[in-house]
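Note sheet for the following structure.
Indexing begins at 1, ligand by ligand and atom by atom, following the structure's order. Not measured: the values here are computed from a predicted model. Sequential numbering from 1 along the given sequence is applied to the chain's residues.
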Amino acid sequence: MGLSRGSSQQTPAVAPPTTLFLFGAHGDLVKRLLMPALYNLFRDGLVDDNLHIVGVDHNAISDADFAKKLEDFIRQEAAGKVAEGGKEPLDAELWRRLASRISYVQGDFLDDSTYADIASKIESTGTSNAVFYLATAPRFFSEVAQRLGSSGLLVESEEAFRRVVIEKPFGSDLPSAVALNACLLKVMSEKQIYRIDHYLGKETVQNILVSRFSNGLFESFWNNHYIDHVQITAAETVGVETRGSFYEHTGALRDMVPNHLFQLLAMVAMEPPAAFGADAVRGEKAKVVGAIRPWSEQEALANSVRGQYAENSKDGKVVPGYRQENKVEPDSTTETFVALKVMVDNWRWVGVPFYLRTGKRMGVRSTEIAISFKPAPYAQFRDTEVDRLKPNFLRIQIQPNEGMWFDLFAKRPGPTLDMEDIELGFAYKDFFEMQPSTGYETLIYDCLTGDQTLFQRADNIENGWRAVQPFLDAWQKNPQVEFYKAGEDGPAAADDLLARDGREWRDIDV
Ligand code: BG6
């Protein structure tokens, strides 16, 4: 992550020479995110001609055709985004240089000969540092890791590192996550494993640490004396799109909570690390996620709401419900929305509820952390509207309107004491020129340079699953869902969850 002090900017070093193997080379992740991110790193001079990119997959394709396929896809994507004003077109000369570093190994992930071919490829690039990026279906994670291990490809030396990148999902419950970690750790050390949660590649998520720990002001009120509760929302407007069969077995809880939402919770709730190194930061994050109270099944039911979007019509157009989506059972009880209350049992947060909600096909796309402060201790302004003030919130907008805002009150000018909501804030776009980025740039760069700060450690993953396991168990016995209309902000029961505690969700806006 490379944090520097002061306003001066660090000049990041060029990543060391590496042979980067992309398993699942024909998949969406490689086309949509990894190659564009590698291109952006190349454009910014953070990787150079010493990076060799090798696709690995079962289809037969020549090196040149593979590079051309990626180019066509990225051009097409960029063209669409340029039209929307979001991305720069591909620079032909830059791409030509990058494309000359792209090659391909055809092979079955389960066949030992594939790994012999990978070893030969490393010989031929002459670059023995290697990263194996598993952009594959999760069922291959253990299989590929074992074969990388048994073929000797994970043996490091003074001159050469060997690293493995794994995408979520890291298991589908606590036992499978423990088993996956055990399997990985049989053939490599924790130092070689880079578990990606793409939320940690977002600038605003990283900024939470910088804001909290470089501005002394925050620490003075960042505790249960001043904070009433915390709301974490990840609202999406898209439905399940083409991922019906994946989503049927996953649902909103597994898809978003133990990973993305708990990462946001950890950033807000962790103790200051002793240093900004990987061990210290990840240690504090694991501790705070480990402090989430494990509910009994009954408590889990009482403290959760499962929702599913139902058909709705908008502007004369019918938006299908989840049960009408492709590859979804017509009587599916998979949740597309979840709202939870969790408690963090430690000195700083005891008594402060963390309310989490995430859903598909909601009204507005917004990922936000809203920290609600306790009211002023004494109502100075009796018999005025000041008496009935709403709570102050600190809102950290992760996306799309990246920045931070304090919701405060000010007196409206005039002879009467009328209050007005005002915002004190900082929008990223007003202060910084943001380069087009996928969010994967930082993560790939950090992996190439050996910085694990933004990657998930085994204990963090397992602590996350330990906290959600009671919900999974309780819902298995009580699989009913509450419906909400596509385009609405979740079912009414989600409001009741907070109303029972005398609180309400902040409106989802940006
Ligand atoms: C992914 C989930 O991990 O995160 C998707 O599998 C979800 O279902 C996505 O849409 C959300 O990511 P972002 O960056 O758009 O908030």
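Partners of Asp91 under the side chain to side chain donor-acceptor pair (under 3.5 Å) rule, at least two apart in sequence or in another chain, do not exist in this structure.
Judged by distance alone, the side chain of Arg306 and the main-chain N or O of Thr333 form a donor-acceptor pair under 3.5 Å.
For the pair Lys202 and Tyr199, the cation sits on the ring face: its NZ or CZ lies under 6.0 Å from the ring centre, inside 45° of the axis.
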Would you be so kind as to tabulate the donor-acceptor pairs closer than 3.5 Å made by side chains of residues 488-497, with sequence neighbours excluded?
| from | atom 1 | to | atom 2 | distance (Å) |
| --- | --- | --- | --- | --- |
| Glu488 | OE1 | Lys485 | N | 3.3 |
| Asp489 | OD1 | Gly363 | N | 3.2 |

Identify all side-chain donor-acceptor contacts of residues 130-139 below 3.5 Å with residues at least two apart in sequence or on another chain.
| from | atom 1 | to | atom 2 | distance (Å) |
| --- | --- | --- | --- | --- |
| Tyr133 | OH | Glu167 | OE2 | 2.7 |

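A salt bridge links Asp255 to Lys168: at least one charged side-chain nitrogen sits closer than 4.0 Å to a carboxylate oxygen.
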Pairwise, report which nitrogen or oxygen atoms of ligand 1 are under 3.5 angstrom from protein nitrogen or oxygen atoms, and how far apart they are.
| from | atom 1 | to | atom 2 | distance (Å) |
| --- | --- | --- | --- | --- |
| ligand 1 | 3 (O) | Lys168 | NZ | 2.7 |
| ligand 1 | 3 (O) | His260 | NE2 | 2.7 |
| ligand 1 | 4 (O) | His260 | NE2 | 3.4 |
| ligand 1 | 6 (O) | Lys168 | NZ | 3.1 |
| ligand 1 | 6 (O) | Arg243 | NH1 | 3.4 |
| ligand 1 | 6 (O) | Arg243 | NH2 | 3.3 |
| ligand 1 | 6 (O) | Asp255 | OD1 | 2.6 |
| ligand 1 | 6 (O) | Asp255 | OD2 | 3.3 |
| ligand 1 | 8 (O) | Arg243 | NH2 | 2.4 |
| ligand 1 | 8 (O) | Asp255 | OD2 | 2.6 |
| ligand 1 | 8 (O) | Lys360 | NZ | 2.8 |
| ligand 1 | 10 (O) | Glu236 | OE1 | 2.5 |
| ligand 1 | 10 (O) | Glu236 | OE2 | 3.3 |
| ligand 1 | 10 (O) | Lys360 | NZ | 3.1 |
| ligand 1 | 12 (O) | His198 | NE2 | 3.1 |
| ligand 1 | 14 (O) | His198 | NE2 | 2.8 |
| ligand 1 | 14 (O) | Lys202 | NZ | 2.6 |
| ligand 1 | 16 (O) | Tyr199 | OH | 2.8 |
| ligand 1 | 16 (O) | Gln399 | NE2 | 2.6 |

